[in-house]
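I am attaching a structure below and will ask some questions about it afterwards.
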Amino acid sequence: MLAELFAVMAPVLIAAGIGYGWARSGQSYPTEFIARLVLNIGTPCLVLSTLARTEIDRHAFGQLAIACLLVMLGMGLIGTLLSRVFRQDWRILVPAYLFPNSGNMGLPIALYAFGEKGLALAVAFFLVLSVGHFSLGLALSGTERSPKKLLANPIIISLALAVPLVIWDLELPRWLANTIGLLGGMTIPLMLLTLGVSLASIRVHHLGSGMILGALRILCGAALGWTVGWGLGLSPLAQAVLVMQASMPVAVFNYLFAVRAGRSPEAVASLVMCSTLLSFALIPLLLAWWLPALR
């Protein structure tokens, strides 16, 4: 079991560690360019290529999308409650609890832990979360985005193109499938490298509250994911993916949005850093619980 867990987490830790070491050594890294490349080209191609080449249970795919909405609603309520308990600004804590790092960390872990079918289900969670993150998340952070710009988001466009593939079992032309597969293949490595670079650039304050709230974000997400999955009657694989995605640490984009809006970026940085560090210990425990049940 330890060898299996190491095989799942090692690629994530090593790739993020390379990014972290690269940034700490003083080497330049075009974070903004890479982020745009991943969001505008890599991720849409990953979505299309994953859904095009994987046999997907359409019912499970739809259920996971609904589950994501329910988890987001629940985590928003939990974040609101904890902001009152800990006397935190709700505009800082609620987005942190609403939007986990289901892309940079969630997709790689789903791939290495659950294979292509698990990755396809994780993409369903990631797509729904991304729509919320780049609309509601920007609004909560103080950055506005018009509905027209939201619909022009490449991730939303890729979802619109992928839906017919899932519903009618359509196949892409081989030249197109190979092209988007090649471009999508760069996404996960660049996500992990950028995660490491971003963590290296974050300066953490309020370490104590960051550790407590970061741990609660992971544990509440896992518990809520399990509850929602059980309530919807998800298959063991779909429920495992849901728990993993729901228990991811705070997304780095929350920090970037806070910096852009000038809204307590230090507090958000503490949540991102502490929850990410804790996830390296807590996520393997969740995997150790789920992987034997899927054999």
Side-chain angles (χ1 to χ4, degrees), residues 8-9 11-13 15-16 19-20 31-51 61 64-65 67-69 71-72 75 95-114 116 118-138 141 150 153-159 162 180 183-199 202 217-218 221 225 241-257 268 271-273 275-276 279-280 283:
V8 171
M9 294 300 298
V12 176
L13 294 171
Y20 183 88
T31 302
E32 184 175 352
F33 167 73
I34 296 297
R36 289 181 179 273
L37 182 67
V38 167
L39 287 174
N40 295 331
I41 297 178
T43 300
C45 288
L46 177 65
V47 169
L48 279 174
S49 63
T50 299
L51 298 182
F61 190 88
L64 207 68
C68 177
L69 290 174
V71 168
M72 288 175 62
M75 292 302 292
Y97 273 59
L98 274 173
F99 306 116
N101 200 349
S102 62
N104 291 35
M105 283 189 67
L107 294 183
I109 290 176
L111 173 62
Y112 298 128
F114 309 120
E116 290 288 342
L119 176 61
L121 294 173
V123 163
F125 187 101
F126 171 69
L127 287 173
V128 174
L129 191 84
S130 295
V131 172
H133 205 173
F134 291 97
S135 54
L136 178 61
L138 285 170
S141 70
L150 173 62
N153 188 310
I155 295 177
I156 306 303
I157 294 173
S158 69
L159 175 60
I180 64 172
L183 293 172
M186 70 178 176
T187 305
I188 288 177
L190 287 179
M191 279 181 168
L192 291 173
L193 289 172
T194 304
L195 173 64
V197 171
S198 299
L199 292 177
I202 290 175
R217 199 267 161 257
I218 295 172
V241 171
L242 176 61
V243 171
M244 286 298 104
Q245 287 286 60
S247 61
M248 286 295 112
V250 179
V252 178
F253 272 110
N254 289 311
Y255 169 68
L256 300 179
F257 292 166
V268 181
L271 291 170
V272 172
M273 176 69 83
S275 64
T276 301
S279 71
F280 291 139
I283 296 301

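Just so it is clear, the structure is predicted and the values come from calculations on it, not from any experiment.
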Fill in: Residues forming a side-chain hydrogen bond (donor to acceptor under 3.5 Å, both in side chains) with Thr276, sequence neighbours excluded
none
Worksheet item: Just how far is it from atom CZ of Phe61 to atom CG of Leu121, taken to the nearest 0.5 Å?
Response: 8.0 Å
Discussion item. Suppose we screen for side-chain contact (heavy atoms from CB on, under 4.5 Å). Which residues come up paired with Leu13, at least two apart in sequence or across chains?
Written reply: Met9, Phe280
Item to complete: For Leu37, check side-chain contact (heavy atoms from CB on, under 4.5 Å) against everything at least two apart and list the hits.
Response: Phe33, Ile41, Met186, Leu190
Discussion item. Donor-acceptor pair, distance only, cut-off 3.5 Å: does the side chain of Asn254 make one with the backbone of Val272?
Written reply: no
Discussion item. As an exercise, state the distance from SG of Cys68 to CZ of Phe125, rounded to the nearest 0.5 Å.
Written reply: 4.0 Å
Worksheet item: side-chain contact (heavy atoms from CB on, under 4.5 Å) between Met72 and Phe99: does it pass, once the steps are laid out?
Response: CA-CA 8 Å; Met72 288 175 62; Phe99 306 116; 3.7 Å; yes
Worksheet entry | Heavy-atom pair of closest approach, residues Cys45 and Leu183 | SG-CB, 3.7 Å
Worksheet entry | Value rounded to 0.5 Å, distance of OG in Ser247 from CD1 in Ile109 | 8.0 Å
Worksheet item: Distance from Met248 atom CE to Ser279 atom OG, nearest 0.5 Å?
Response: 7.0 Å
Practice prompt. Can you sort out the partners of Ala96 under side-chain contact (heavy atoms from CB on, under 4.5 Å), two or more places apart, ordered by chain and number?
Written response: Val250, Leu271
Discussion item. Can you tell me how far apart CG (Leu98) and CZ (Arg217) are? Round to the nearest 0.5 Å.
Written reply: 8.5 Å
Response to the item:
In Thr43, Leu192, Leu107, the residue satisfying side-chain contact (heavy atoms from CB on, under 4.5 Å) with Thr187 is Thr43
Discussion item. So does Ala122 get a backbone contact from the side chain of Gln245, meaning a donor-acceptor N/O pair under 3.5 Å?
Written reply: yes
Practice prompt. Return the minimal non-hydrogen interatomic distance between Ala67 and Leu242, and the atom names on each side.
Written response: CB-CD2, 3.7 Å
Discussion item. Val197: which residues meet the side-chain contact (heavy atoms from CB on, under 4.5 Å) condition with it, sequence neighbours left out?
Written reply: Ala23, Tyr29, Thr31
